[in-house]
Student: 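One structure, as structure tokens, below. Some questions next.
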Amino acid sequence: MQRWLLKSEPDVFSYDDLVRVGAEPWTGVRNYQARNFMRAMKQGDLCVFYQSNAKPNAAVGVCSVLREAYEDPTSTEPGRWSAVDVAPVSKFVSLVSLERLRDLPELLACPLIRRGNRLSVLPLTNTEFEAIVAAGGLDPHALDSVPMLH
DNA sequence: GCCAACGTTGGC
DNA sequence: GCCAACGTTGGC
């Protein structure tokens, strides 16, 4: 199973919003690389939910891919952009700030912590995913067996 | 609010 | 196909 990271600005849509609504179309991505990653997502894939332009910028929980890529309903250009649906899995016990993410040795190669990284959807290795989830106070392997708790 | 880092667009 | 101008993202 592939792991991913999704960025969102909490002023626009936060993890708590996702918990509130239960499922959400992930629309509006207008970057080809990010779009291609979304098209590669499989139902049940787990994603770290990262909040940018936030106080603090931080990974805050885990969500899963509920519905694989389909035409982005917010796009006026047919066939060009894609959306997926995501659902909350579990909020972190404690958020993992960007500052702490930078301190995780497992993330040294992850584009997330590079200044100027503008990718809003990016793949994570298992090692990266587990390091972030563990730093958030969850057991990464418990997520495997119970993909839809919350 | 500033600005660095990029991706995209469009003129040539 | 190059590249300058422009727009956007996102950390600070």
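Quick caveat, the model's predicted, so the values are computed rather than measured.
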Student: Let me know the distance between CD1 of A/I113 and P of B/dA5, rounded to the nearest Å.
Tutor: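 Result: 16 Å.
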
Student: Given atom CG of A/N53 and atom P of B/dC2, what is their separation to the nearest angstrom?
Tutor: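 A/N53 atom CG is separated from B/dC2 atom P by 16 Å.
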
Student: Counting any heavy atom closer than 4.0 Å, what does A/R102 reach on the DNA or RNA strands: base, sugar-phosphate only, or nothing?
Tutor: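 Sugar-phosphate contact only - A/R102 comes under 4.0 Å of backbone atoms but never of a base.
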
Student: Salt bridge between A/D17 and A/R20, side-chain N to carboxylate O under 4.0 Å?
Tutor: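 Looking at A/R20 together with A/D17, the answer is yes, because their closest N to O distance falls below 4.0 Å.
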
Student: Give the rounded distance in Å between these two atoms: CZ of A/R35 and P of C/dT8.
Tutor: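 Whole-Å distance recorded here is 19 Å.
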
Student: Classify the angle between the aromatic ring planes of A/F49 and A/W26 as parallel (below 30°), tilted (30 to 60°) or perpendicular (above 60°).
Tutor: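 Rings of A/F49 and A/W26: perpendicular, as their planes differ by over 60°.
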
Student: Can you tell me how far P of B/dA5 sits from CD of A/Q33, to the nearest Å?
Tutor: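 In whole Å, B/dA5 P and A/Q33 CD are 18 Å from each other.
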
Student: Taking only Lys NZ, Arg NE, NH1 and NH2, and the carboxylate oxygens of Asp or Glu, determine whether A/D72 and A/R30 approach each other closer than 4.0 Å.
Tutor: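 Salt bridge flag = yes for A/R30 with A/D72.
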
Student: What is the nucleic acid contact for A/N57, judged by heavy atoms within less than 4.0 Å: base, sugar-phosphate only, or nothing?
Tutor: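 It contacts sugar-phosphate atoms only.
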
Student: It should be established whether A/Y50 places a side-chain nitrogen or oxygen under 4.0 Å from OP1 or OP2 of nucleotide C/dG11.
Tutor: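 For A/Y50, the contact criterion (side-chain N or O under 4.0 Å from OP1 or OP2 of C/dG11) is met.
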
Student: Can you check the A/W81 CH2 to B/dG7 C1' distance for me, whole Å?
Tutor: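 Rounding to the nearest Å, CH2 of A/W81 and C1' of B/dG7 are 10 Å apart.
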
Student: Could you check how far OH of A/Y32 sits from P of C/dT9, rounded to whole Å?
Tutor: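 Spelled out: OH on A/Y32 to P on C/dT9 is 15 Å.
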
Student: Separation of A/N117 atom CG from B/dC6 atom C1', in whole Å?
Tutor: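 Atom CG in A/N117 sits about 10 Å away from atom C1' in B/dC6.
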
Student: Rounded to whole Å, please give me the gap between CG in A/L5 and C1' in C/dG10.
Tutor: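 Whole-Å distance recorded here is 14 Å.
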
Student: Any ion pair linking A/D16 and A/K91 (charged N to carboxylate O, less than 4.0 Å)?
Tutor: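 The answer is yes: the pair qualifies as a salt bridge.
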
Student: Does A/K7 put a side-chain nitrogen or oxygen below 4.0 Å from OP1 or OP2 of C/dT9?
Tutor: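 A/K7 to C/dT9 OP1/OP2: no side-chain N or O under 4.0 Å.
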
Student: Which of the following nucleotides, C/dT9, C/dG11, B/dT9, is nearest to the side chain of A/R118?
Tutor: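 My answer, after comparing the listed nucleotides, is C/dT9.
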
